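Below is one structure, written out as structure tokens; comments come after it.
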Amino acid sequence: MSSHRERGNKAVSAMKSLDFPKKKAIAVIKRLLKLFDDNWEPIEEDNYRILIDAILEDSSNEPVPATTPHQGTEEDRNALSHQGMNEDPVPHSSTFVNQDYQHPSSSVSASRYDIDVSDNESCLIKRPRMSSAGRMHERPLQPFSTDGMSVEPGSARPARQAIMALPAVRQADGRGEPSAIVTCNRDKDLLLESPQDVLILEEPKPVSKIDVPATSVNKHLKIGESGAKARLQEAMETNAPFVKPLASQRAANGIVVVGSSSEPSFHNWIVPYDAELISKQRPHHDVADISRGQERVRIPIVNEFGNESCPPLFYYIRKNTVFQNAIVNTSLARIGDEDCCAGCSSDCLLAPLPCACAGSTGDHFAYTPEGLLKAAFIDDCIAVNHFPEKHNKFYCEACPLERYKTEASPGPCKGHLARRFVKECWSKCGCGMQCGNRVIQRGITSNLEVFFTSEGKGWGLRTLDGLPKGAFICEYVGEILTSSELHERTVQNAKNAKHLHQVVLDAGFGSEGVSRDEEALCLDPTFYGNVGRFVNHRCYDANLILIPVEIESPDHHYYHLALFTAKKIEALEELTWDYGINFDATDSPNKAFRCMCGSKYCRDPNNSRKRTRAAASRD
Ligand SMILES: C[S@@+](CC[C@H](N)C(=O)[O-])C[C@H]1O[C@@H](n2cnc3c(N)ncnc32)[C@H](O)[C@@H]1O
């Protein structure tokens, strides 16, 4: 029988061959030995399966230390040397904040919906990378803003789930703000699994340079030129469409001092923008990947029909972002025990009993172990959408949507559909990112393409692979507006017709007592959005369905909207969802368009095909 020392060294070197750090391996072995009363057999079983799982779990749940990595307690070190295993000293590094290693086999357990255990935006992750030649790449990491990042159009599409690194150089302005960008080229030696890596890598040698004008902050606020009063005046005079200089409102109440210290402050300023400004400031789309490396997969742009080579410019954001006044309360303190599963560990779907997070879906998880939304859940939601009158509607006493239409005497609430929600596990839950009840928070995993439609719908989105029913496609991401901000934009919309489809997050309006404007939230993907903004409408028989998903907030004031496949979809099929448009309505925030959906159930009375059919049946 081998000694503790020999078995320990063997286990550590097995873990090392899988790129797990020695320190981590030793700490976990020590814990498991304690758990199994110094019995090595369960640890060694199945090529150290339990050990690997425990290390992975440890990494995904690990809190991020602020500066130096955890060196282990005195007790740890004594225990380890007692067992004959010694740690290498870990060098101090201020950029080394966390270690997060993805086990090569993790994708096996997650099937095609791969797991990204590194989805923690607040931490910088340094992980060793294997090049195609098998070399390890380690680079110093620094925080980096993606704003304005530009990349060269790429050539071949990489393998699923792998994206090429887009090394970038930050160009800061005189005040240290990332004014604009950037130089990028592709380093074919770097292969990343996670978009976070793209945000934090820095390339010391730029290859080509794209100059972008300084931000509108500079232009409109003239920081450093004169006193706060002049800057305030400047901001108030701007004629950008949606600007409400917050600072000016507060100044009127005598509470604002902007830029009074030597460090100019941007906190109180809303930067004006409109479509024109965006197009002036933004570098062009990257046709190889519209997300510019923000998503886990590349999403190319192709145009086989029209003259436009690219869609109109917008800021690609992966997550919803507050425009100005919206209150999105996601504090941990608001999540009670009944709204999370603090006692869980590993994958909640595999636990013998459903955890608290399955409560809102009738104590059954909405997802299958393969990461698909269950068919029964989808069918229920389709039925609610198709026959809203048969299902419950909530009615507000004072509907936030009506208040701004006719301010003097707001009309009665038209009712809000009682929707079924998916509730995903989140930060206050004991499980990790590999939990099967975390699907949309892991991001896009399907191979998608933005393309120009041939039927006159403009740009659209299609899948490059066949997909089963229930597959997550993407979130519908945009700026979070309040209902009054939406109303302001609707008025603008009437003038310039530039807006895309805006969506009201009204599932909690009546039931949750939403009456304050800041709590009545809407999403507008026009200027800031993700690939969801390209999904066109189809009446009734669309192949996607929009599902409300609750992640970081326990009530229905704020939630995510996720697009799932409502049926089996063939490769290269256009992805569509039913916007729920009433083509006869005159008071909708969304300007009705002439529907070209091609469905035989098309609701648009102006649909030319429908008119032709009606005329034919009359003859
Ligand atoms: C969310 S966007 C979809 C992407 C859009 N096609 C584009 O080019 O950016 C919604 C807009 O697309 C157009 N659209 C979507 N579905 C359509 C349909 N069935 N028929 C005609 N136009 C459609 C309308 O202009 C609508 O306001």
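Being a predicted model, the structure only gives us computed values, none of them experimental. Start at 1 and go down the list; that is how both ligands and their atoms are numbered.
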Notebook entry, point to check: Does His537 reach ligand 1 with a nitrogen or oxygen that is under 3.5 Å from one of the ligand's nitrogen or oxygen atoms?
Noted result: yes

Note to self: Please report whether ligand 1 has a polar contact with Arg538, defined as an N or O pair separated by less than 3.5 Å (distance criterion only).
What the structure shows: no

Check: Is the ring centre of Tyr476 less than 6.0 Å from the ring centre of Tyr579?
Finding: no

Next item on the list: Have a look at ligand 1 and work out which part of Val535, if any, has a heavy atom under 4.0 Å from it: side chain, backbone, both or neither.
Entry: backbone

Note to self: Below a 4.0 angstrom heavy-atom separation, can you tell me which part of Arg594, side chain or backbone, both or neither, approaches ligand 1?
What the structure shows: backbone

Notebook entry, point to check: How about Asn543 and Leu467: do any of their side-chain heavy atoms sit closer than 4.5 Å?
Noted result: no

Item checked: salt bridge (Lys or Arg N to Asp or Glu O under 4.0 Å) partners of Arg462, counting only residues at least two apart -> Glu304, Glu449

Checklist line | Atom indices of ligand 1, in the order listed, that fall short of 4.0 Å to a heavy atom of Arg533 | finding: 1 (C), 2 (S), 3 (C), 4 (C)

Next item on the list: Below 4.0 angstrom from a heavy atom of Cys597, which ligand 1 atoms are there? Numbered from 1 as shown, please.
Entry: 19 (N)

Check: Relative to ligand 1, is Phe593 under 4.0 angstrom through side chain, backbone, both or neither, heavy atoms considered?
Finding: side chain

Margin query: Tell me whether the NZ or CZ atom of Arg442 lies within the 45° cone about the ring axis of Phe472 and under 6.0 Å from its centre.
Written below: no

Check: Does Cys595 come within less than 4.0 Å of ligand 1, judged by its heavy atoms?
Finding: yes

Next item on the list: Consider every N or O of His501 and every N or O of ligand 1, then say whether any pair is closer than 3.5 Å.
Entry: no

Check: Can you check whether Asn536 has an N/O within less than 3.5 Å of an N/O in ligand 1?
Finding: yes

Checklist line | salt bridge (charged side-chain N to carboxylate O under 4.0 Å, His left out): pairs with one or both residues in residues 466-477, sequence neighbours excluded | finding: Asp379-Lys469

Check: Is the shortest distance from a Lys or Arg side-chain nitrogen in Asp555 or Arg334 to a carboxylate oxygen in the other one below 4.0 Å?
Finding: yes

Next item on the list: For residues Phe583 and His537, establish whether the separation of their ring centroids is below 6.0 Å.
Entry: yes

